[in-house]
Amino acid sequence: MRRREFLGSIGLLAAAFGMPWPSAVTANDSLAATKEISSIANTSSSVFLQSSALAGFQFHAGNALWSHLRVRQPLTLVREAENTYDGNAIRVEWNGEKIGYVPRRENSVVAELMDRGEQVTGCITQLSDSDDPWQRVRIDISLEVSSA
């Protein structure tokens, strides 16, 4: 999901909860809106953040685990702030095995949420036998919201 699409989805969530939304939206605005949504969304246990291709699937345990993966299976997202290649790196695990990463171009807001201590989860939404590793696995990422 591109940044503009993400910011637009945050805007739609803000409108759904009756929050005012500025015409010029920045990444800081989206984080502030996400924080507000966390504090007022007491009817839902999670807020959808983004859908992404799984990066690096071909370099990790993904191929060995392919026959066990199923749509709707939960994934664990692990923040790797010390990653030398990407300071916003988020490792994706299935049953404790690393199967890839949230793509670098789509991980900054999720990384900031995780750095603030927010609980972010993932699940498999699409599996494809494509030869293109960027089309093999799609994941959804959600912000877990505690009910008030």
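Since this is a predicted model, take the numbers as computed values, not measurements. For this chain, numbers begin at 1 and follow the sequence in order.
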### Query
Are side-chain heavy atoms of Trp66 and Val137 found at a separation under 4.5 Å?
yes
### Query
For the side chain of Arg79 and the backbone of Ala89, is there at least one donor-acceptor N/O pair under 3.5 Å apart?
yes
### Task
Kindly indicate, with the supporting measurements, whether the criterion side-chain contact (heavy atoms from CB on, under 4.5 Å) is fulfilled by Val71 and Gln126.
CA-CA 6 Å; Val71 171; Gln126 182 180 338; 5.6 Å; no
### Summary
Between the CD atom in Glu80 and the CZ atom in Arg91, the distance rounded to the nearest 0.5 Å is 4.5 Å
### Message
Using every non-hydrogen atom in the two residues, find where Ala55 and Trp134 come nearest and quote the distance to one decimal.
### Response
CB-CH2, 3.5 Å
### Summary
d(Leu49 CG, Asp140 CG) to nearest 0.5 Å is 10.0 Å
### Query
Is a side-chain N or O of Gln50 found less than 3.5 angstrom from the main chain of Glu106, in a donor-acceptor match?
yes
## Note on the structure
Which of Val145, Leu143, Val110 passes side chain to side chain contact (heavy atoms under 4.5 Å, CB included) with Glu118? Answer is Leu143
#### Entry: Atom of Ser130, atom of Arg136 and distance for their closest heavy-atom approach
O-CD, 2.8 Å
### Query
Is a side-chain donor or acceptor of Asn88 paired with a backbone partner of Asn107 at a separation under 3.5 angstrom?
no
### Summary
Rounded to the nearest 0.5 angstrom, the OG-CD1 distance for Ser51 and Ile139 is 8.0 Å
### Message
Within the 4.5 Å heavy-atom criterion, are Tyr101 and Phe59 side-chain neighbours or not?
### Response
no
### Query
What are the two closest heavy atoms between Arg138 and Ala53, and how far apart are they?
NH1-N, 3.3 Å
### Query
Is the backbone N or O of Tyr85 less than 3.5 Å from a side-chain atom of Arg104, with the two atoms forming a donor-acceptor pair by type?
yes
### Message
Quiz question: by atom type and distance under 3.5 Å, do the side chains of Ser128 and Gln135 form a donor-acceptor pair?
### Response
no
### Task
Would you check if Val47 and Glu144 make a side-chain contact, meaning some heavy-atom pair closer than 4.5 Å?
no
### Task
First locate atom CG of Leu75, then atom CG of Asn95, and finally report the distance between them rounded to the nearest 0.5 Å.
9.0 Å
### Query
Are Leu65 and Leu54 connected, step by step, through hydrophobic side chains (Ile, Leu, Val, Met, Phe, Trp, Tyr) whose heavy atoms are closer than 4.5 Å?
yes
#### Entry: Atom pair CD/CD1 of Glu93 and Ile99 - distance to nearest 0.5 Å
9.0 Å
#### Entry: Heavy-atom neighbours of Asp131 CG exceed 12 at 6.0 Å
no
#### Entry: Residue pair Val92 / Leu77, side-chain heavy-atom distance below 4.5 Å
yes
### Task
Would you please classify the geometry between the His68 ring and the Trp94 ring as parallel, tilted or perpendicular, with 30° and 60° separating the classes?
parallel
### Task
Give a yes or no answer on whether the side chain of Ser142 reaches the backbone of Thr121 with a donor-acceptor pair at less than 3.5 Å.
no
